[in-house]
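Keep in mind the model is a prediction, meaning the values are calculated, not measured. All heavy atoms count here, side chains included; hydrogens, waters and symmetry mates do not. In listed order, ligands and their atoms are each counted from 1.
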Amino acid sequence: MSEPLRILQVGAGGMGRAWLSTIAANPDAVLVGLVDLDLDVARAALAAAPGGLADGDVAVGTDLGEMLATTQASAVVDVAIPIAHHSITTAALFAGLDVLGEKPVTETVAEALSLVAATQVTGRRFVVSQSRRFNQQAFQLRAYSRALGSSGSLACEFFKAPHFGGFREEMPQPLLVDMAIHQFDLARFVLDADPVAVYAESFNPPWSWYAGDASAVATFEMSDGSRFSYTGCWCAPGLETSWNGSWRLSAEKGAATWDGDHAPSYDAGGDLAVPQEADPGRELAGSLAAFVAGIRERAPMMCEAADNVLSLAMVEAAVASAETGVRVSIDEVLERAHEVALASESRDDVRAALVGWPSVREGLALSTA
Ligand SMILES: NC(=O)c1ccc[n+]([C@@H]2O[C@H](COP(=O)([O-])OP(=O)(O)OC[C@H]3O[C@@H](n4cnc5c(N)ncnc54)[C@H](O)[C@@H]3O)[C@@H](O)[C@H]2O)c1
């Protein structure tokens with residue numbers, strides 16, 4: 001029987017509270033410390049956690065370096081804001097810890113490449129919690145996709161009308177940057193394919209309550225020759241889709257649909273031999289369970305940074321296409337990000353690893369080999 005994985009959590013905001021509950025519910029993990037820049041936020045989150053924790057039950061602090069050195073944690077769960085993901089993950093990896101980080105992997109593809117190189121230098125694991133993959137229905141849709149033969153088109157419609165207030169209503173690209181990464185990542189998962197290029201447009205309907213573009217359409221060419229088309233709007237009252245979006249796959253032997261909330265279905269003109277997928281655990285719980293198992297068994301995991309960077313590249317490429325009006329290739333985005341990463345890297349060992357990549361795709365493959 002293995003000891004529970006000792007976890008230091010960083011970030012105690014809205015999502016941080018959900019992670020505290022998730023860690024508390026997993027018998028194979030134990031919280032040993034909580035870091036937040038705001039000590040009162042950290043203490044309030046601990047008090048609200050299941051069972052109610054206080055200083056003394058676990059270490060609480062504002063100084064990540066000190067907490068890494070003193071808590072004897074084996075892994076960091078990073079639930080801080082995206083702009084802090086690069087520095088937190090770098091510090092944790094070089095302190096010898098593995099990291100499970102909230103999406104997005106980082107703010108930019110360039111920062112994400114730096115972190116992939118940091119895993120290669122340290123030999124530690126860095127997995128992104130792309131929580132919407134952890135859904136038995138999504139796994140079933142992928143099983144249908146595999147059984148239906150070659151894919152032609154995968155379409156996702158996302159129409160919601162939330163009034164968040166705050167930063168989302170001020171950002172230039174709220175839908176593409178804050179939300180669409182979930183659907184872009186799910187498309188890679190369902191198709192078992194990676195993005196090649198994208199043409200995208202974004203716009204803001206006249207009635208929108210967002211300052212930036214609340215609507216977008218994007219068409220991705222995928223590595224299996226299929227097309228993934230995304231149409232989304234965040235100021236779309238009436239007949240709203242689920243938060244996962246509404247999906248349709250058209251393939252060689254038939255079609256499959258998923259409303260994002262209920263079991264998917266398929267039509268192949270008869271029965272297909274499709275395995276019933278096991279429940280991977282729902283969202284954060286599934287993501288944490290997979291991380292703990294992958295660390296213990298030293299097994300490959302879904303959403304390791306070297307793989308997940310391609311989901312963030314889809315976002316960056318779609319934004320670039322929407323801003324320039326031209327089709328953008330994913331390789332262009334990756335190679336440009338590599339140049340930025342080399343120019344801005346502050347660690348010599350990480351820069352040396354980045355310099356050694358023959359191309360970005362080959363550099364990423366070094367981590368997944
Ligand atoms: N998977 C999902 O569906 C989902 C949903 C919401 C948010 N998220 C992600 O979760 C992360 C956190 O989002 P949130 O809504 O909880 O944000 P939040 O603003 O509510 O909380 C972030 C917390 O991090 C702390 N923090 C910021 N920088 C820090 C640093 N350098 N060191 C330590 N603490 C720091 C802040 O003080 C704050 O308490 C983001 O990456 C976000 O994209 C994911």
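A donor-acceptor pair is defined here as one N or O able to donate and one able to accept, closer than 3.5 Å; no such pair exists between the side chain of E283 and the backbone of Q130. Without hydrogens or angle criteria, Y266 side chain to L272 main chain gives a donor-acceptor distance under 3.5 Å. Using modelled atom types, no side-chain atom of S321 and backbone atom of A317 make a donor-acceptor pair closer than 3.5 Å. For the pair Q137 (side chain) and H262 (backbone), a donor-acceptor distance under 3.5 Å is present. Using a distance-only test at 3.5 Å, with no hydrogens or angles considered, a donor-acceptor pair links the side chain of D279 to the main chain of G281. Judged purely by atom type and a 3.5 angstrom limit, S153 has no side-chain atom pairing as donor or acceptor with the backbone of R227.
In this structure, atom 6 (C) of ligand 1 lies nearest to the protein heavy atom M15 SD, 3.7 Å. Closest to atom 12 (C) of ligand 1, if we only count protein heavy atoms, is V79 O, 3.3 Å. The closest protein non-hydrogen atom to atom 40 (C) of ligand 1 is A80 O, 3.6 Å. The protein non-hydrogen atom at the shortest distance from atom 30 (C) of ligand 1 is L37 CG, 3.6 Å. Of all protein heavy atoms, the one lying nearest to atom 21 (O) of ligand 1 is G13 CA, 3.3 Å. Remark: minimum distance from atom 33 (C) of ligand 1 to any protein heavy atom is reached at V10 CG1, 3.5 Å. For atom 27 (C) of ligand 1, the nearest non-hydrogen atom of the protein is I81 CG1, 3.7 Å. The shortest contact between atom 38 (C) of ligand 1 and any protein heavy atom is with D36 OD2, 3.5 Å.
Considering backbone and side-chain atoms together, R132 places no N or O closer than 3.5 Å to any N or O of ligand 1. Geometrically, ligand 1 and S131 share a nitrogen or oxygen pair separated by less than 3.5 Å. The shortest N or O to N or O distance between G14 and ligand 1 is under 3.5 Å.
Residue L64 places no heavy atom under 4.0 Å from ligand 1. Residue contacts with ligand 1 include H85, since one or more of its heavy atoms lies under 4.0 Å from the ligand. The shell of residues lying under 4.0 angstrom from ligand 1, judged by heavy atoms, excludes R17. Residue contact annotation: P104 has a non-hydrogen atom under 4.0 Å from ligand 1.
Between W243 and W234, the two ring planes are perpendicular [angle over 60°; tilted spans 30° to 60°]. Using a 30° and 60° split on the angle between ring planes, F228 and F184 fall in the perpendicular class, above 60°. Ring orientation note: the planes of Y210 and F164 are nearly perpendicular, at an angle over 60° on the 30°/60° scale.
In this comparison of E283, E102, K103, the heavy atom closest to atom 42 (C) of ligand 1 sits on K103.
Atom numbering of ligand 1 starts at 1 in the shown order; those under 4.0 Å from a heavy atom of G11 are 24 (O). The distance from ligand 1 to the heavy atoms of P82 drops below 4.0 Å at these ligand atoms: 40 (C), 41 (O). The contact set between ligand 1 and A84, taken as ligand atoms under 4.0 Å from a residue heavy atom, comprises 28 (N), 31 (N). Counting the atoms of ligand 1 from 1 in the order shown, those under 4.0 Å from a heavy atom of V41 are 39 (O).
The side-chain contact (heavy atoms from CB on, under 4.5 Å) test with E107 is passed by exactly one of I83, I81, V177: I83.
A salt bridge links R296 with D28; the closest basic N to acidic carboxylate O contact falls under 4.0 Å. Taking 4.0 Å as the cut-off between side-chain N and carboxylate O, D185 and R133 count as a salt-bridged pair.
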